[in-house]
Amino acid sequence: MEKREQLNAIRQYVTNSFNNERTGHDLYHLQRVSRMAMEIAREEDANLFRCEAIAWLHDVADHKLVEDEEAAIQALEEFLESLPLTRPDIEAIIKGINTISFSKSKVPTSLEGKIVQDADRLDAIGAIGIARAFTFGGARGKFMYHEQDNDNTIQHFYDKLLKLKSTLHTSTAKSLAEDRHQFMQQFLEKFHQEW
Ligand code: ADP
Ligand code: NI
């Protein structure tokens, strides 16, 4: 199977499991992360195939989305073997996926993993990031904002989203983050003003 066909099969694989996702990890999130990862990968001279594959697959074993992370990784590995992908490609992809999630707070060791982590984090900030945060918060029944209870979505900006800019690895992502970061700061300023 050619690389292009392998990527088509990978997209099909996630389409089946993410079609109905409503907490901000839907297919368009995967598409944006994939496009962004490719843009960064070209600038950073990374392996484009692995970057794209990791980007489409990066959320398949997220504990917020699946009950059994290990089973999800196992199923993915079997799927990749069935295509078949080469052993080094499979290992690079699985390793990338295992280190990307912020909640696991791991640092990917490969350039391709770092690039997809950057692309995923860029999708959590800026206008899209704001929309995703409130979508996620709403889906989990959180307060939009609360003066006594910290379990609210505005708090999530201070706990996580405003910190993401300084965790990026590549200079391409860092420069893309500036504008998005500023926009979130403006949003928070206005929000508190109107509140
Ligand atoms: P990752 O892909 O690194 O695991 P998450 O799944 O934690 O990232 O986050 C995915 C999206 O959901 C992000 O846009 C993030 O801001 C949002 N999100 C995650 N946790 C919360 C929360 N507690 N409140 C509001 N939004 C959240
Ligand atoms: Ni993601």
Side-chain angles (χ1 to χ4, degrees), residues 10-11 13-15 17-41 50-70 72-73 76 93-108 110 112-147 149-170 173 176-177 180-181 183-185 187-188 191:
I10 286 171
R11 272 191 286 268
Y13 183 82
V14 291
T15 301
S17 36
F18 284 83
N19 237 345
N20 219 16
E21 220 296 315
R22 311 274 169 101
T23 67
H25 299 83
D26 56 38
L27 273 180
Y28 289 113
H29 165 64
L30 302 179
Q31 188 179 75
R32 287 189 304 270
V33 172
S34 167
R35 285 181 180 158
M36 181 59 77
M38 298 306 275
E39 190 179 324
I40 302 171
R50 287 185 187 172
C51 260
E52 185 165 3
I54 296 170
W56 282 104
L57 295 167
H58 79 274
D59 276 333
V60 297
D62 192 304
H63 67 98
K64 288 186 269 4
L65 307 175
V66 297
E67 273 178 25
D68 188 342
E69 291 174 63
E70 278 181 28
I73 288 287
L76 173 64
I93 291 167
I94 301 279
K95 201 165 175 202
I97 293 169
N98 274 329
T99 48
I100 282 166
S101 173
F102 178 85
S103 27
K104 294 179 193 148
S105 53
K106 290 180 187 160
V107 181
S110 69
E112 289 71 25
K114 288 187 172 111
I115 287 173
V116 177
Q117 191 172 66
D118 278 0
D120 194 30
R121 289 177 179 179
L122 284 170
D123 207 53
I125 63 175
I128 296 265
I130 295 170
R132 289 182 73 217
F134 287 101
T135 301
F136 186 97
R140 294 295 154 98
K142 292 182 191 297
F143 294 112
M144 170 176 81
Y145 179 52
H146 199 286
E147 294 175 13
D149 187 341
N150 267 350
D151 192 22
N152 67 75
T153 299
I154 289 293
Q155 185 59 36
H156 182 64
F157 285 79
Y158 300 101
D159 292 343
K160 174 174 167 184
L161 303 182
L162 290 174
K163 294 176 183 164
L164 287 180
K165 180 172 84 113
S166 66
T167 67
L168 298 171
H169 309 289
T170 63
L176 289 166
R180 295 183 186 209
H181 184 86
F183 185 70
M184 283 196 300
Q185 285 177 318
F187 165 76
L188 289 169
F191 185 95

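All heavy atoms count here, side chains included; hydrogens, waters and symmetry mates do not. For ligands, and for the atoms within them, numbers begin at 1 and follow the listed sequence.
Residue contacts with ligand 1: H156 is placed with a nitrogen or oxygen under 3.5 Å of a nitrogen or oxygen of the ligand (distance criterion only).
Two residues are said to be in side-chain contact when any heavy atoms from C-beta on lie closer than 4.5 Å; I154 and F191 meet this criterion. The closest side-chain heavy-atom distance from E69 to I73 is not below 4.5 Å. Residues M184 and L161 meet the side-chain proximity criterion, which asks for heavy atoms closer than 4.5 Å.
Contacts between I100 and ligand 1 below 4.0 angstrom, taking non-hydrogen atoms only, are absent altogether. Proximity of H58 to ligand 1, defined as any heavy-atom pair under 4.0 Å, is not found for any part of the residue.
Just one residue in the list T167, V33, I100, V116 forms a side-chain contact (heavy atoms from CB on, under 4.5 Å) with R121, and that residue is T167. With L176 as the partner, the side-chain contact (heavy atoms from CB on, under 4.5 Å) test is satisfied by one option alone out of L168, L122, I125: L122.
Here the closest non-hydrogen pair linking L57 and V14 is CD2-CG1, 3.7 Å.
Against a heavy-atom cut-off of under 4.0 Å, A133 is close to the following atoms of ligand 1: 25 (C), 26 (N). Of all the atoms in ligand 1, the ones that sit under 4.0 Å from a non-hydrogen atom of D120 are 1 (P), 2 (O), 3 (O). Atoms of ligand 1 found under 4.0 Å from any heavy atom of D62, numbered from 1 in the order shown, are 4 (O), 6 (O). Those atoms of ligand 1 with a heavy atom of K160 less than 4.0 angstrom away are 5 (P), 7 (O), 8 (O), 9 (O).
Contact between H25 and ligand 1 is present, with at least one heavy atom of the residue lying under 4.0 Å from the ligand.
Checking D123 against H29 by side-chain atom types alone, a donor-acceptor pair falls below 3.5 Å.
Between the Ni ion (ligand 2) and the N, O or S atoms of D59, the shortest distance is to OD2. Closest approach between the Ni ion (ligand 2) and any N/O/S atom of D120 involves OD1.
Taking backbone and side chain together, D123 holds no N, O or S atom under 2.8 Å from the Ni ion (ligand 2). Because the distance cut-off is set at 2.8 Å, D62 fails to qualify as a neighbour of the Ni ion (ligand 2), as none of its N, O or S atoms comes that close.
The aromatic rings of F134 and F187 sit perpendicular to each other, their planes meeting at more than 60°, with 30° as the lower class boundary.
Checked against the 6.0 Å centroid threshold, H25 and H58 do not count as a close aromatic pair.
Rounding to the nearest 10°, we obtain 100° for the angle at the Ni ion (ligand 2) between H58 NE2 and H29 NE2.
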